[in-house]
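Presented below is the structure to which this report refers.
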Amino acid sequence: MESYLQKIIGNALQNMGLDDDQFPEIKIETPRDASHGDAATNIAMLLAKPLRNNPRKIAEQLVDEMKFDPSKISAAEIAGPGFINFRFAKDYLYDELEALLDEGEEYGKTTDNKEVKCLIEFVSANPTGPLTVGHGRNAVLGDTVARLLEWTGADVQREYYFNNAGRQMRVLGQSVQARYNEIVGAEINFPEGGYEGSYIADIAQELVNEHGDKLLSETNEKLFKEKAEAVIFDEIRKTLERMNIVMDSYFNEHSLYESGAIDRVIDTFREKGVAYDSDGAVWFKTTAFGKDQDTVLVKSSGEPTYRLPDIAYHAEKLDRGFDLCLDVFGADHIDTYPDVLNGIDVLGYDKSKVEVLVYQFVTLVKDGKPYKMSTRKANFVTLDDLMDEVGEDVTRFFFLMRSPNTHLEFDVNQAKEAGDKNPVFYLQYAHARIYSILRKVNDLEPFSEKPVLSELKHPSEITLIKKLLSFPGAVSNAAANREPHRLITYLNELASEFTSFYHDCRIVGEEKEVMHARKVLAGATARVLANGLTILGITAPERM
RNA sequence: GCGCCCGUAGCUCAACCGGAUAGAGCAACUGCCUUCUAAGCAGUAGGUUUCAGGUUCAAGUCCUGACGGGCGUACCA
């Protein structure tokens, strides 16, 4: 419809004696207020200055010149300072509704990102402990953006990047070793800044069960570390699965050292003159890119900082042939992003293929009070705990509810409410309610013939149809902005339009043709709700 | 100090590329269950979009400055 309108407006402008390059892009938007029609353009106002004419006069002339198909557009009106408002013909709505029904589970898919090979890296928590609420937003956001991209035609790979070689992992191994020693009654050497969570003791206990006290002879933490990593990763995978998230690949940072990718970055940086030695360390000349200070790539101890593998990792991803590499991370990592982009740029990659999705922090609120969390101090709330308490659907929904770049207040009390205080149920309830009606109608009346959709003419029916038809646009808008909450906003509006229809128009007991058409409309609504909830990774129950 | 994000109803937040009368939910108030699910619906009330300038036909949205909050600013990840 949008391209159709652009075409007829373009033709009209040419009839007025303007060439293609003499007028700006014709933008079609949906007016906020339904009384302003179904689509509008501001083109007359944009032309007011170049044509040195009153926008309303231009609009009048345009409408005179415009030739539209009455089976698609029923009216074009001039309003306000010079908007041209269009109204869709009912026949158009019925045709599109029929197309929606044909597409079924596929309805809402677009080709915006067709042929785009995309890698999205998210979660990427090192295996030092269970996933926490903080990781939750990352996980759900990443997965849902992945789903949105898939719905718009992209080929998406989900990747988890981790590091099992650093200092933190060593401390983790030492922490487990200390607990092991504690259990078998030997001397405890709990490391400074060690991990205090109870899961550490659980892992140690497992080792005791498997090996008794034979591991007392271990001189370093290696074995303990490996066990901890295996156990923790297993838990992380389970937690993700519970949230409907399945990774396609796990990428170990360490492989970048083995493949020589790290050395190649340093070498190239030296060649290009953006790396130098000083005080025993290797520095990246980030001041050349506008930063206040240069940045250390390799510490004087010989250990690289995380920036170096980050750069090598992004180069590696682009080597794998992705058109788009998305990173999801919290606001605290924002500073590394420019370094990585500048780094791969120096290496000769197209940095426009790398895009970062930053989200702000989550505050867990319970009984009106915020929680402070740290994995190391073990005063965190795990994602599993949260899901146990409020459920998987609610957890996903709450993480997606807000724009990624605002702080998220996760109110556990509100999330726990099974009733009207909880926004998740509103969508699920509308879906279940439709199924309840459909069950009833199917019992009463088996419909074999095609519905007569033109029976749908009540304002609530028409409004609902229009809302259903804007679903693909809502998906593509959410995908383009990488903002799942936009889809939630849409689904809330849809559920609300449905309840108005439910309120105004009965289905069961109506005259046969009307009942049939309304049943089909309700079914289409359930379809769109289900498709939307699928994108969000939330179930669409048939009974509640 | 510098960089990034944010400031919208009592609270939590929407508002697509700058568009027409700034919208929801919660909380408050008034009604509605012998009729398809009341986890719902209809309605009332609630706003100088933090402030001051600027850009233009049009600013919550863009620019400058101030104020307030978050995060970062490590030879930590």
Side-chain angles (χ1 to χ4, degrees), chain A residues 25 27 29-33 35-36 40 42 45-46 48-49 54-55 79-83 85 125-126 128 163 166-168 278-283 290-293 295-307 310 330-338 358-361 363 365 368 401-411 414 417-426 428-430 432-441 444 473-474 476-478 480-481 483 485-486 488-490 492-493 495-496 499-500 502-510 515 518-519 522 543-544:
Chain A
E25 188 200 351
K27 286 191 268 185
E29 59 192 21
T30 308
R32 213 171 352 205
D33 186 338
S35 70
H36 293 138
N42 62 352
M45 286 179 293
L46 295 177
K49 195 167 241 180
N54 179 321
F83 289 102
N85 295 334
N126 287 339
T128 55
N163 169 19
R167 195 179 67 84
Q168 293 302 322
S278 174
D279 301 324
V282 184
W283 296 74
K291 279 193 116 183
D292 289 347
Q293 295 166 16
T295 309
V296 172
L297 290 173
V298 183
K299 300 185 243 174
S300 51
S301 66
E303 273 186 297
T305 63
Y306 63 99
R307 257 161 241 255
D310 266 4
D332 54 339
H333 283 60
I334 187 72
D335 261 19
T336 76
Y337 174 50
V358 177
Y359 61 91
Q360 302 293 320
F361 284 158
T363 323
V365 176
M401 218 160 47
R402 306 296 178 212
S403 160
N405 61 10
T406 70
H407 290 264
L408 173 67
E409 195 160 292
F410 197 124
D411 185 331
Q414 189 189 11
E417 291 274 351
D420 53 0
K421 284 189 188 123
N422 196 322
V424 189
F425 293 118
Y426 188 69
Q428 297 186 320
Y429 183 69
R433 188 185 244 173
I434 293 169
Y435 267 80
S436 169
I437 297 169
L438 294 182
R439 280 191 294 270
K440 213 151 260 186
V441 177
L444 291 170
S476 102
N477 178 21
N481 290 288
E483 290 186 347
H485 78 280
R486 292 174 191 244
I488 289 184
T489 304
Y490 167 83
N492 274 320
E493 287 164 4
S496 169
T499 29
S500 301
Y502 172 82
H503 185 257
D504 296 340
C505 305
R506 285 193 62 81
I507 299 174
V508 175
E510 290 293 313
M515 177 161 44
R518 285 181 179 170
K519 183 206 111 170
R543 291 173 202 273
M544 283 176 80

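What you are looking at is a predicted structure, and each value in this text was computed from that prediction instead of being measured. Lettering follows sequence order; numbering is per chain, from 1.
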Check your understanding: Since syn is defined as within 90° of 0, does B:C29 count as syn or as anti?
Key ->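 Anti conformation for B:C29.
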Review point. Taking the chi torsion of B:C57, is it syn (within 90° of 0) or anti (everything else)?
Key: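 Anti conformation here, the glycosidic angle of B:C57 being more than 90° from 0.
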**Study point:** Nearest-nucleotide 5' precedence on RNA chain B, A:Thr305 against A:Glu29
**Key:**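 On the 5' side of the pair lies A:Glu29.
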Point to revise | RNA chain B: 5'-proximal contact among A:Gly280 and A:Ser500 (nearest heavy atom) | key: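 In this pair, the answer is A:Ser500.
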Review point. Is the aromatic ring of A:Phe83 within stacking range of B:A20, meaning centres under 5.5 angstrom and planes under 30 degrees?
Key: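 Yes, the aromatic ring of A:Phe83 stacks with the base.
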Practice item. Identify whether a stacking contact exists between A:His36 and B:A20, where the ring centres must be under 5.5 Å apart and the planes under 30° apart. Key: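 Yes; centroid distance and tilt both under limits.
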Base, sugar-phosphate or nothing for [X]? Non-hydrogen atoms, less than 4.0 Å.
{"X": "A:Ala79", "answer": "base"}
{"X": "A:Ser300", "answer": "base"}
{"X": "A:Lys49", "answer": "sugar-phosphate"}
{"X": "A:Ala432", "answer": "base"}
{"X": "A:Phe361", "answer": "sugar-phosphate"}
{"X": "A:Ser496", "answer": "nothing"}
{"X": "A:Asn126", "answer": "sugar-phosphate"}
{"X": "A:Arg543", "answer": "base"}
{"X": "A:Ala40", "answer": "base"}
{"X": "A:Asn477", "answer": "sugar-phosphate"}
{"X": "A:Ser436", "answer": "base"}
{"X": "A:Ala331", "answer": "sugar-phosphate"}
{"X": "A:His485", "answer": "sugar-phosphate"}

Less than 4.0 angstrom between a side-chain N/O of [X] and OP1 or OP2 of [N], yes or no?
{"X": "A:Tyr502", "N": "B:A38", "result": "yes"}
{"X": "A:Tyr426", "N": "B:U37", "result": "no"}
{"X": "A:Arg433", "N": "B:A38", "result": "yes"}

Which nucleotide sits closest to the side chain of [X]: [options]?
{"X": "A:Asn163", "options": "B:C13, B:A77, B:C36", "answer": "B:A77"}
{"X": "A:Asn405", "options": "B:C41, B:U73, B:C5", "answer": "B:C5"}
{"X": "A:Lys299", "options": "B:A38, B:C76, B:G72", "answer": "B:C76"}
{"X": "A:Asp292", "options": "B:A38, B:C2, B:C17", "answer": "B:C2"}
{"X": "A:Arg402", "options": "B:G72, B:C13, B:C36", "answer": "B:C13"}
{"X": "A:Ser403", "options": "B:G19, B:G40, B:A14", "answer": "B:A14"}

In whole angstrom, give me the gap between the [atom1] atoms of [N] and [M].
{"N": "B:A59", "M": "B:G69", "atom1": "P", "result": "30 Å"}
{"N": "B:C17", "M": "B:C2", "atom1": "P", "result": "30 Å"}
{"N": "B:G46", "M": "B:U34", "atom1": "C1'", "result": "38 Å"}
{"N": "B:U61", "M": "B:G19", "atom1": "C1'", "result": "11 Å"}
{"N": "B:U12", "M": "B:A27", "atom1": "C1'", "result": "11 Å"}
{"N": "B:U64", "M": "B:C71", "atom1": "C1'", "result": "24 Å"}
{"N": "B:G72", "M": "B:C11", "atom1": "C1'", "result": "29 Å"}
{"N": "B:A9", "M": "B:A15", "atom1": "C1'", "result": "15 Å"}

Can you tell me the Watson-Crick or wobble partner of [N], both distances under 3.5 angstrom?
{"N": "B:C62", "value": "B:G54"}
{"N": "B:U34", "value": "none"}
{"N": "B:C13", "value": "B:G23"}
{"N": "B:G3", "value": "B:C71"}
{"N": "B:U44", "value": "B:A28"}

When rounded to the nearest 0.5 angstrom, what distance separates [atom1] in [X] from [atom2] in [Y]?
{"X": "A:Met401", "Y": "A:His485", "atom1": "CE", "atom2": "NE2", "result": "11.5 Å"}
{"X": "A:Thr499", "Y": "A:Tyr426", "atom1": "OG1", "atom2": "OH", "result": "3.5 Å"}
{"X": "A:Ile507", "Y": "A:Lys519", "atom1": "CD1", "atom2": "NZ", "result": "10.0 Å"}

Whole angstrom is fine here: how far is it from [atom1] in [X] over to [atom2] in [N]?
{"X": "A:Gln414", "N": "B:C13", "atom1": "CD", "atom2": "C1'", "result": "11 Å"}
{"X": "A:Gln360", "N": "B:G69", "atom1": "CD", "atom2": "P", "result": "16 Å"}
{"X": "A:His503", "N": "B:U35", "atom1": "NE2", "atom2": "P", "result": "14 Å"}

So for [X] and [N], does any side-chain atom that can act as donor or acceptor lie under 3.5 Å from a complementary atom in the base?
{"X": "A:Asn85", "N": "B:A20", "value": "yes"}
{"X": "A:Tyr429", "N": "B:A39", "value": "no"}
{"X": "A:Thr406", "N": "B:C6", "value": "no"}
{"X": "A:Asp332", "N": "B:G72", "value": "no"}

